[in-house]
There are 2 protein chains.
Amino acid sequence: MNTNTNFIEKLRSSGLRPTKQRIKICEALFDRNETFHFTINDLAKTIEEKLNEKISLATVYNTVHAFKKKGYLKEISINSDKSYFDTNTSVHHHFFDEDTNELIDCNQENIDSINIKNNITGKKINSVEVLIKVASDYQNQK
Amino acid sequence: MNTNTNFIEKLRSSGLRPTKQRIKICEALFDRNETFHFTINDLAKTIEEKLNEKISLATVYNTVHAFKKKGYLKEISINSDKSYFDTNTSVHHHFFDEDTNELIDCNQENIDSINIKNNITGKKINSVEVLIKVASDYQNQK
DNA sequence: TTCTATATTATAATTATTCTAAACTGTTGA
DNA sequence: TCAACAGTTTAGAATAATTATAATATAGAA
C-alpha cells in the first residue's frame with residue numbers, strides 16, 4: 001500500500017487520474033526488481049494471473065500508450081508482428097533472442113557510444129536504438 | 001529484356017522458378033538505380049501502377065519472403081504496424097523520419113563501428129541494426 | 001506431350017491494434 | 001456531502017497487416 005501511494009502520486013503528478021486499473025497496471029509493471037520486457041498480451045496475462053484482476057484490453061493499450069508518452073515506458077521495435085515495451089527507460093540497447101523471442105537488455109557500456117557523423121538536414125534525432133539479433137550457434141536461422 | 005534474362009538466371013540459380021510474377025517483382029525491385037525501401041503495399045502499388053500488372057497480394061508476400069530468405073532483401077524493424085524491406089542488403093543502418101514515415105539509408109561510415117563487448121553466452125550474433133528516429137526540430141513528438 | 005511438383009490466386013481466417021459509444025468514476029467546487 | 005462534468009473504462013465492432021486454404025495454373029523434367 002505504500003507503493004500504491006507512490007503510484008497514485010506518480011500518476012496524479014503526471015496528469016493521469018489514478019484509477020483502479022492504472023494502479024494495478026503500475027503494480028504489474030513497476031513492482032519488480034528487474035526490468036520487464038513485455039508485449040500487451042504478456043502484460044494482460046500478468047494482470048490476470050498474478051494480480052487476479054481482469055482489465056479490458058483496450059484499457060491496457062490506452063494505459064501503456066499513456067505511460068509511454070509520459071516517459072515511463074519505452075517501445076522497442078523488433079519483428080513487426082507485435083510491439084514490445086520496456087520498463088527500463090534509460091538509454092540502452094537490446095539483444096533479441098530469435099530462438100525464444102526474448103528481449104535482453106544490453107547496457108550502454110557494452111557498446112561503444114554511437115556517434116552519428118551526419119544527420120539528416122533539418123531533423124532532430126529522437127532516438128538511437130541498437131538491436132542485436134542472436135540465435136543458437138548450431139542451428140540454421142530462417 | 002537483357003535484365004530479364006539476368007533475373008531469370010538469378011531466380012533459377014537460387015532454386016526459385018522464374019515465373020512471370022517473380023520476374024515482374026524483380027523488375028519492380030531491382031531495375032532501379034537507387035535503393036528501394038518499401039512495404040508490401042508500396043511494392044504491390046508499384047507493380048500495378050508502374051508495370052501495369054496485377055499480382056495477387058499473397059504472391060507478393062510469398063515472393064518477398066522468398067527473396068529475403070535468399071538474401072536479396074533485408075527486413076527492417078520499425079514501429080510495429082507494418083514491415084519494411086530494403087533492396088540494399090549490405091551492412092548499413094537507417095534513419096526513420098517520423099514526420100513522413102520514410103526510411104533513409106545510413107551507411108556504415110556514418111557511424112563508428114559497433115563493437116559489442118559481451119555477447120549472450122552460447123548465442124551467435126545474426127545482425128546488428130541501428131535505427132535512428134528523427135523528426136522536425138520544431139514540433140513536439142508524440 | 002504428359003506428368004508432377006511448385007506457384008498463383010481469391011478468399012477466408014487470424015492477429016494485433018484502434019475505434020466507438022455507452023456506462024462509470026475521480027475530482028472539483030457549491 | 002453531493003451534483004456535475006470531464007476523463008476513463010468497457011465490450012464489442014472495425015481495421016489493417018499478414019497468413020492459411022484449397023482450387024487452379026504453370027514450369028520443367030521425362
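Proteins get letters first, then strands, A, B, ... in listed order; numbering begins at 1 in each.
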To the nearest angstrom, how far is A:Phe7 atom CZ from C:dG26 atom C1'?
20 Å

Of A:Val130, A:Leu131, A:Ile116, A:Ile111, which is the lone residue that meets side-chain contact (heavy atoms from CB on, under 4.5 Å) with B:Val130?
A:Val130

What pair of heavy atoms forms the shortest contact from B:Leu16 to B:Ala66, and how long is it?
CD2-CB, 4.3 Å

Rounded to whole angstrom units, what separation is found between the NZ atom of B:Lys54 and the P atom of D:dA25?
18 Å

For B:Ser13, all residues meeting side chain to side chain contact (heavy atoms under 4.5 Å, CB included), sequence neighbours excluded
none

Rounded interatomic separation in angstrom, taking CD1 from B:Ile47 and P from C:dT9:
10 Å

dist A:Tyr72:OH -> A:Ser14:OG (nearest 0.5 Å) comes out at 3.0 Å

Starting at atom CG of B:Asn79, determine the distance to atom C1' of C:dT18, rounded to an integer number of angstrom.
15 Å

List, with names and distances, any nitrogen or oxygen atoms from the protein found under 3.5 Å away from nitrogen or oxygen atoms belonging to nucleotides 12-17 of chain C.
residue	atom	partner	partner atom	Å
C:dT17	OP1	A:Ser83	N	2.9
C:dT17	OP2	A:Tyr61	OH	2.7
C:dT17	O5'	A:Tyr61	OH	3.2

Testing the 3.5 Å rule here: is there a donor-acceptor pair between the side chains of B:Lys117 and B:Asn115?
no

Between B:Lys10 and B:Phe30, is NZ or CZ placed under 6.0 angstrom from the six-membered ring centre and within 45° of the ring axis?
yes

Is the cationic atom of B:Lys24 (NZ for Lys, CZ for Arg) positioned less than 6.0 Å from the six-membered ring centroid of B:Phe7 and within 45 degrees of its normal?
no

Can you identify which nucleotide, out of D:dT9, C:dT8, C:dT9, has its nearest atom closest to the A:Asn62 side chain?
D:dT9

Take atom CD of B:Glu53 and atom P of C:dT8, then tell me their distance rounded to the nearest Å.
12 Å

Could you list by number each residue of residues 16-30 of chain A showing a heavy-atom separation from DNA chain C of less than 4.0 Å, or answer none if no residue does?
A:Arg17, A:Pro18

Hey, what do you get for CG (B:Asp112) to OG (A:Ser113), rounding to the nearest 0.5 Å?
7.5 Å

Could you give the NZ-to-P distance, from B:Lys45 to D:dA16, as a whole number of Å?
13 Å

What is the distance, to the nearest angstrom, from the NZ atom on B:Lys69 to the P atom on C:dA7?
11 Å

Distance (rounded to the nearest 0.5 Å) between A:Lys50 NZ and A:Leu43 CG
11.0 Å

